[in-house]
Amino acid sequence: QVRLVESGGGSVQAGGSLTLTCEISGTTWYNTVNLVGWFRQAPGKGREAVASMINTSGGTTYYADSARGRFTISRDNAKNTISLQMNTLMPGDTAMYYCAAAKVSLIGGVTTHQALDPPTYTYWGQGTQVTVSS
């Protein structure tokens, strides 16, 4: 099994920054999962993608339009963590943020749609709340 635990959420004013961290445990994650991502869900709305990446050297990153240019996803294999650096936060970024992981076939490449689609992912964390005030 793969266990994902998020941390780093909190309250921040618009324009501020936060870094979310997802710790992956339960296995040597690169043997079990090769696609990791961050998603978010605001009250009354569906779960939407933020960013994801393939766990290979120079692995491809994928960003939702709302995150591109402001957020950066990265990995630290030594610590088994995935981070999401969020800059220039806006009230519209307020949501519960979830870490997710999956093992997908890399043959032929992974499409952006696949990498940012919640049903692609098998493993999910419990979430960490991000609140941005104006």
Side-chain angles (χ1 to χ4, degrees):
Q1 268 291 1
V2 177
R3 183 167 179 254
L4 308 174
V5 178
E6 303 94 337
S7 62
S11 297
V12 64
Q13 288 191 325
S17 299
L18 281 174
T19 299
L20 306 183
T21 300
C22 173
E23 182 176 358
I24 306 176
S25 63
T27 186
T28 304
W29 73 290
Y30 51 82
N31 286 336
T32 304
V33 300
N34 56 8
L35 180 67
V36 291
W38 287 95
F39 295 79
R40 67 186 184 186
Q41 187 166 13
K45 295 187 177 181
R47 191 165 294 188
E48 65 175 11
V50 177
S52 63
M53 67 182 299
I54 294 174
N55 179 45
T56 59
S57 178
T60 304
T61 55
Y62 307 84
Y63 292 94
D65 290 343
S66 60
R68 190 174 295 111
R70 298 189 299 130
F71 296 180
T72 302
I73 188 171
S74 61
R75 64 189 176 119
D76 185 335
N77 283 347
K79 296 181 180 180
N80 276 8
T81 59
I82 301 295
S83 295
L84 183 69
Q85 172 69 42
M86 305 187 294
N87 298 324
T88 319
L89 284 162
M90 302 180 294
D93 295 317
T94 295
M96 184 71 79
Y97 282 70
Y98 298 90
C99 179
K103 188 170 183 68
V104 298
S105 172
L106 301 181
I107 297 173
V110 178
T111 66
T112 299
H113 173 78
Q114 182 183 16
L116 296 179
D117 193 18
T120 297
Y121 293 79
T122 305
Y123 306 102
W124 291 85
Q126 293 301 305
T128 185
Q129 178 68 37
V130 172
T131 302
V132 185
S133 59
S134 57

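Atoms considered below: every heavy atom in the structure, side chains included; atoms not considered: hydrogens, waters and symmetry mates.
Counting heavy atoms from C-beta outward, Thr122 and Lys103 have side chains that stay 4.5 Å or more apart. Contact of the Met86 side chain with the Val130 side chain is registered, since non-hydrogen atoms from C-beta on lie closer than 4.5 Å.
The disulfide bond (SG atoms under 2.5 Å apart) pairs that include a residue from residues 86-134 are Cys22-Cys99, where partners are two or more places apart or lie in different chains. Applying the disulfide bond (SG atoms under 2.5 Å apart) test to residues at least two apart or on different chains, none of the pairs has a partner in residues 104-134.
With rounding to the nearest 0.5 Å, the separation of CG in Leu84 from CE in Met53 is 11.5 Å. With rounding to the nearest 0.5 angstrom, the CD atom of Glu6 is 6.5 Å from the CG atom of Leu4. The CE atom of Met96 sits 14.0 Å away from atom CZ of Arg40, with the distance rounded to the nearest 0.5 Å.
Every residue meeting the salt bridge (charged side-chain N to carboxylate O under 4.0 Å, His left out) condition with Arg68, not counting sequence neighbours, appears here in chain and number order: Asp65. In terms of the side chain to side chain contact (heavy atoms under 4.5 Å, CB included) criterion, residue partners of Thr112 (sequence neighbours excluded) are, by chain and number, Tyr62, Leu116. Take Tyr98 and apply the side chain to side chain donor-acceptor pair (under 3.5 Å) test, not counting sequence neighbours, and it matches no residue. Annotation: side chain to side chain donor-acceptor pair (under 3.5 Å) contacts of Arg70 (sequence neighbours excluded): Asp93. The ring pair (Phe, Tyr, Trp, His ring centres under 6.0 Å) check on Tyr121 picks up Phe39, with sequence neighbours excluded. Residues satisfying the side chain to side chain contact (heavy atoms under 4.5 Å, CB included) test with Ala64, not counting sequence neighbours, are Ser66. Every residue meeting the side chain to side chain contact (heavy atoms under 4.5 Å, CB included) condition with Val104, not counting sequence neighbours, appears here in chain and number order: Asn34, Leu35, Ala102, Leu106, Val110, Gln114, Thr120. Considering only residues two or more places apart in sequence or on other chains, Thr19 meets the side chain to side chain donor-acceptor pair (under 3.5 Å) condition with Gln85. Remark: Arg47 engages no residue in a salt bridge (charged side-chain N to carboxylate O under 4.0 Å, His left out) (not counting sequence neighbours). Every side chain to side chain contact (heavy atoms under 4.5 Å, CB included) that Val12 has, sequence neighbours left out, goes to Leu18, Leu89, Val132.
For the pair Val50 and Phe71, the tightest heavy-atom approach, listed with the atom from each and the gap, is CG1-CD1, 3.4 Å. Taking each heavy atom of Ala42 and Ala95 in turn, the nearest pair found is N-CB, 3.8 Å. For Pro91 against Ser133, the heavy-atom pair with the smallest separation is CG-C, 4.4 Å. In this structure, Tyr63 and Ile73 approach most closely via the heavy-atom pair OH-N, 2.9 Å.
Checking each of Asn80, Asn55, Thr81 against Arg75 for a side-chain hydrogen bond (donor to acceptor under 3.5 Å, both in side chains) leaves exactly one that passes, namely Asn55.
With Thr128 contributing its side chain and Gly9 its backbone, the two residues share a donor-acceptor pair below 3.5 Å.
Heavy-atom contacts from other residues, nucleotides or ligands closer than 6.0 Å to CD of Gln126 number 12 or fewer.
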